[in-house]
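What you see below is based on every heavy atom in this structure, not just the backbone, and it leaves out hydrogens, waters and symmetry mates.
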Amino acid sequence: MGLYTDPPAGATVVCADELGPVIPRTFPPAPGWSPDGHRIKAELDYSRGPEKTWVYGGLRVRDGQQVTMTATSRNSVFYQQFLQKLEEANPAGDIYVITDNLSSHNSISTRTWLESHPRIKHVFIPVGACWLNLQEAWWRIFRKAALAGQTFAGPDEITQATALATAQLNQRARPWIWGRPAPPTRHLRRRYIYCL
């Protein structure tokens, strides 16, 4: 909580997480008749398909700006590419990345990569406390903006929807504040006393 409420001077706090897999949906052809007079039949699709797409996201708490990246897998290589994007988006000062204890976040290759990037410091949230990561709340907003009610033919469309929704949400971004806001002040109505 201390990084949310009182970050170190000159440092950037980023909440990071992965969303997915986002999977393209396959739909049967439109109902109708074939040229030889038979009904068009659609083959059943029981599998999820090989075209899974993961969305990596990092929320900069101080101004609400988001960095996203899509990948075909959730592993150490793509996580390191995402950390590189975070570093490029925040060119000055230390970067505190708040994330969960996924194996790709704490693998030997990721720790080796972090040794050559000393500005990035990992802060792991406790197991079973995903609600401490503000990125989870941003995912809810992102799902409504980019994924709700959409059908994607392939990973390229998912990447395009992710980039478009991120740009739109970044235009109206505001700082994320940890904790419950103060209740609004209520003006009480005048109370009347009725005498009998």
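Within the 4.5 Å cutoff, the side chain of His117 has heavy atoms near those of the Gln84 side chain. The shortest side-chain heavy-atom distance between Pro118 and Asp94 does not fall under the 4.5 Å cut-off. Counting heavy atoms from C-beta on, the side chains of Trp131 and Glu136 never come closer than 4.5 Å. Looking at heavy atoms from C-beta onward, Glu18 lies out of side-chain contact with Val55 at the 4.5 angstrom threshold. With a 4.5 Å cut-off on side-chain heavy atoms, Leu3 and Val123 count as touching.
To the nearest 0.5 Å, the span separating CG on Asn133 from CZ on Phe124 amounts to 12.0 Å. Separating the CG atom in Asp17 from the CG atom in Leu59 is a distance of 11.0 Å, to the nearest 0.5 Å. From Asp100, atom CG reaches atom SG of Cys130 across 8.5 Å, with rounding to the nearest 0.5 Å. A distance of 6.5 Å separates CG in Leu19 from CG in Leu147, rounded to the nearest 0.5 Å.
Partners of Thr99 by side-chain hydrogen bond (donor to acceptor under 3.5 Å, both in side chains), not counting sequence neighbours, listed by chain and number: His105. By the side chain to side chain contact (heavy atoms under 4.5 Å, CB included) test, Ala165 is found to be paired with Phe142, Ala145, Ala146, residues two or more places apart in sequence or in another chain being considered. Here Thr162 pairs with nothing under the side-chain hydrogen bond (donor to acceptor under 3.5 Å, both in side chains) rule; sequence neighbours left out. In this structure, Ala92 has no side chain to side chain contact (heavy atoms under 4.5 Å, CB included) partners at least two apart in sequence or on a different chain. Here Ile141 pairs with Leu169, Trp176 under the side chain to side chain contact (heavy atoms under 4.5 Å, CB included) rule; sequence neighbours left out. When the side-chain hydrogen bond (donor to acceptor under 3.5 Å, both in side chains) test is applied to Ser107, the partners found at least two apart in sequence or on another chain are Ser76, Ser109, Thr110. For Tyr96, the ring-ring contact (aromatic ring centres under 6.0 Å, His included) test picks out no residue, with sequence neighbours left out.
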Determine, stepwise, if the pair Thr53 / Thr72 fulfils side chain to side chain contact (heavy atoms under 4.5 Å, CB included). CA-CA 5 Å; Thr53 301; Thr72 57; 5.9 Å; no

From CA spacing to verdict: side chain to side chain contact (heavy atoms under 4.5 Å, CB included), Cys15, Val61 = CA-CA 7 Å; Cys15 300; Val61 177; 3.8 Å; yes

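Apart from Val97 itself, the hydrophobic cluster it occupies contains Val14, Trp54, Tyr56, Val67, Met69, Phe78, Tyr79, Phe82, Leu83, Leu86, Ile95, Trp113, Leu114, Ile120, where clustering links Ile, Leu, Val, Met, Phe, Trp and Tyr at side-chain heavy-atom distances under 4.5 Å. Counting Ile, Leu, Val, Met, Phe, Trp and Tyr side chains that sit under 4.5 Å apart, directly or through other members, Val77 stands alone, with no cluster partners.
A side-chain donor-acceptor contact under 3.5 Å links Tyr4 to the backbone of Leu132. Using a distance-only test at 3.5 Å, with no hydrogens or angles considered, a donor-acceptor pair links the side chain of Gln65 to the main chain of Asn170.
Closest approach of Pro21 and Lys52 over heavy atoms only: CB-CB, 3.9 Å. Across every non-hydrogen atom of Ile125 and Asn101, the tightest pair is O-ND2, 3.2 Å.
For residues 80-92, the pairs satisfying salt bridge (charged side-chain N to carboxylate O under 4.0 Å, His left out) are Glu87-Arg119, with sequence neighbours left out. A salt bridge (charged side-chain N to carboxylate O under 4.0 Å, His left out) check over residues 53-76, counting only residues at least two apart or in different chains, returns the pairs Arg60-Asp63. Screening residues 140-149 for side chain to side chain donor-acceptor pair (under 3.5 Å), with sequence neighbours left out, gives no hits.
The local environment of CD in Glu157 is crowded, with over 12 non-hydrogen atoms from other residues, nucleotides or ligands closer than 6.0 Å.
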